[in-house]
Amino acid sequence: MGFIIFLVIVGVGAYFWLSQDSSEVKQRGKNRSSEQKLALRYFLNDGCLQKKPSDQAYDELVASMIAEKKLTDPQTALDKLGVDESEVTEVKPIYLDGYVFGDKNTYAKVGNDGLWRSSKYQASWIFCSATHVYLYQYTFNTDEDGKKVVTEEYFYKDITNFSASSDTVEIPYWDKKQKKIVLKNVDSTRFRITVPGNSLYCVMAQTDENEAAVKGLKTKLREKKTN
């Protein structure tokens with residue numbers, strides 16, 4: 001009987017310790033939702049006796065947030081822009097998305113699969129009418145309520161260039177050996193719309209489909225400027 005009680009105590013104790021959060025998570029997790037706390041645990045829990053969500057668990061969290069906001073649905077963007085689908089048929093609607101790196105208040109981590117993830121995600125839609133280029137962009141944080149929504153429209157004649165580039169950005173990274181946040185360089189691919197005196201950036205994955213989409217936009221811009 002005593003041995004059984006001992007096992008129960010050990011089991012409860014192990015569960016208690018395995019449920020512990022780092023001091024960073026405890027401090028930043030106050031008044032956060034369960035989803036936001038999961039994100040904090042993913043980036044900040046690195047102790048051997050702390051809850052550490054898997055890469056898959058974090059990916060599923062981000063996917064659920066994207067689905068909740070209906071960001072992959074072009075109609076969501078069109079409604080925000082106040083544009084009808086029939087008006088934007090010059091090119092196929094372009095969807096770009098990915099993690100945002102480089103913001104000082106954004107966490108980042110390299111997963112067991114070798115992929116970098118951050119606590120900020122961005123989704124952008126680009127549409128083209130006969131006279132305008134429209135952009136809808138939604139950026140949100142996974143560890144808090146922060147978000148930014150951008151809606152823009154440009155005349156072709158006012159656009160200087162469309163381009164895509166891979167930049168090296170400095171990010172805050174939780175180093176589990178040093179037990180503190182350090183800075184690390186990470187490559188980030190972005191699409192850029194350049195107008196006189198300003199540029200707007202969209203995070204994008206470096207894929208053949210996205211490269212073809214950027215090429216198509218450049219071709220369309222040249223056509224409009226020569227007509």
Single-linkage hydrophobic cluster, 4.5 Å side-chain cutoff, [X] and [Y] together:
| X | Y | result |
| --- | --- | --- |
| Met65 | Val150 | no |
| Val195 | Tyr201 | no |
| Leu221 | Tyr134 | no |
| Leu200 | Val169 | no |

Please evaluate residues Cys128 and Val91 with respect to the criterion side chain to side chain contact (heavy atoms under 4.5 Å, CB included), reporting the C-alpha separation (whole Å), side-chain torsions for both, the decisive distance (0.1 Å), and the verdict. CA-CA 6 Å; Cys128 295; Val91 300; 3.5 Å; yes

Answer yes or no: is there a donor N or O on one side and an acceptor on the other, between the side chain of [X] and the main chain of [Y], under 3.5 Å?
| X | Y | result |
| --- | --- | --- |
| Ser165 | Asp167 | no |
| Thr76 | Lys70 | yes |
| Arg32 | Asp143 | yes |
| Lys225 | Lys157 | yes |
| Asn45 | Lys51 | yes |

[atom1]-[atom2] distance between [X] and [Y], expressed to the nearest 0.5 angstrom:
| X | Y | atom1 | atom2 | value |
| --- | --- | --- | --- | --- |
| Asp113 | Asp59 | CG | CG | 7.0 Å |
| Thr142 | Leu40 | OG1 | CG | 7.5 Å |
| Thr194 | Asp158 | OG1 | CG | 13.0 Å |
| Glu209 | Leu96 | CD | CG | 9.5 Å |
| Asp97 | Thr72 | CG | OG1 | 9.0 Å |
| Glu60 | Ser54 | CD | OG | 7.0 Å |

What about the rings of Phe155 and His132, do their centers lie closer together than 6.0 Å? yes

Can you find a side-chain donor-acceptor pair between Gln36 and Asp145 that sits under 3.5 Å? yes

Verdict with supporting geometry, Asp208 and Glu211, side chain to side chain contact (heavy atoms under 4.5 Å, CB included): CA-CA 5 Å; Asp208 292 341; Glu211 289 179 3; 4.3 Å; yes

Set out, in order, the CA-CA distance, both residues' side-chain angles and the distance that settles side chain to side chain contact (heavy atoms under 4.5 Å, CB included) for Tyr156 and Lys220, then state yes or no. CA-CA 9 Å; Tyr156 287 103; Lys220 179 58 64 176; 4.0 Å; yes

Search all heavy atoms of [X] against all heavy atoms of [Y] and return the closest pair with its distance.
| X | Y | result |
| --- | --- | --- |
| Ser129 | Glu90 | O-CG, 3.0 Å |
| Arg117 | Gly111 | NH1-CA, 3.9 Å |
| Val100 | Gln122 | CG2-CB, 3.7 Å |
| Ala57 | Pro53 | CB-CB, 4.2 Å |

Looking at residues at least two apart in the chain, or sitting in another chain, which of them share a side-chain hydrogen bond (donor to acceptor under 3.5 Å, both in side chains) with Asp55? Tyr42

How would you list, by chain and number, every residue that makes a side-chain hydrogen bond (donor to acceptor under 3.5 Å, both in side chains) with Asn198, sequence neighbours excluded? none

Does a side-chain heavy-atom distance below 4.5 Å link [X] with [Y]?
| X | Y | result |
| --- | --- | --- |
| Leu71 | Tyr121 | no |
| Pro93 | Val88 | no |
| Lys218 | Lys215 | no |
| Leu135 | Ser124 | yes |
| Asn141 | Ser119 | no |
| Val133 | Phe127 | no |
| Val214 | Met204 | yes |
| Phe191 | Asn210 | no |

With under 30° as parallel and over 60° as perpendicular, where do the rings of Trp116 and Phe101 fit, or are they tilted in between? perpendicular

Start with the C-alpha gap between Tyr58 and Phe43, add the side-chain angles, then the distance that decides, and say whether ring-ring contact (aromatic ring centres under 6.0 Å, His included) holds. CA-CA 10 Å; Tyr58 186 68; Phe43 290 104; 5.1 Å; yes

Do any side-chain atoms of residues 77-84 form donor-acceptor pairs under 3.5 angstrom with protein atoms, and if so which ones, sequence neighbours left out?
{"from": "Asp79", "atom 1": "OD1", "to": "Gln75", "atom 2": "NE2", "distance (Å)": "2.8"}
{"from": "Asp84", "atom 1": "OD2", "to": "Ser86", "atom 2": "N", "distance (Å)": "2.9"}
{"from": "Asp84", "atom 1": "OD2", "to": "Ser86", "atom 2": "OG", "distance (Å)": "2.5"}

Tell me whether the guanidinium CZ or amine NZ of Lys69 lies under 6.0 angstrom from the six-membered ring centre of Phe140 and within 45° of its axis. yes

Is it true that atom CD of Glu223 has more than 12 heavy atoms of other residues, nucleotides or ligands lying nearer than 6.0 Å? yes

Evaluate the criterion side chain to side chain contact (heavy atoms under 4.5 Å, CB included) for residue pair Phe162 and Ile126; output intermediate values, then yes/no. CA-CA 12 Å; Phe162 292 126; Ile126 300 170; 5.9 Å; no

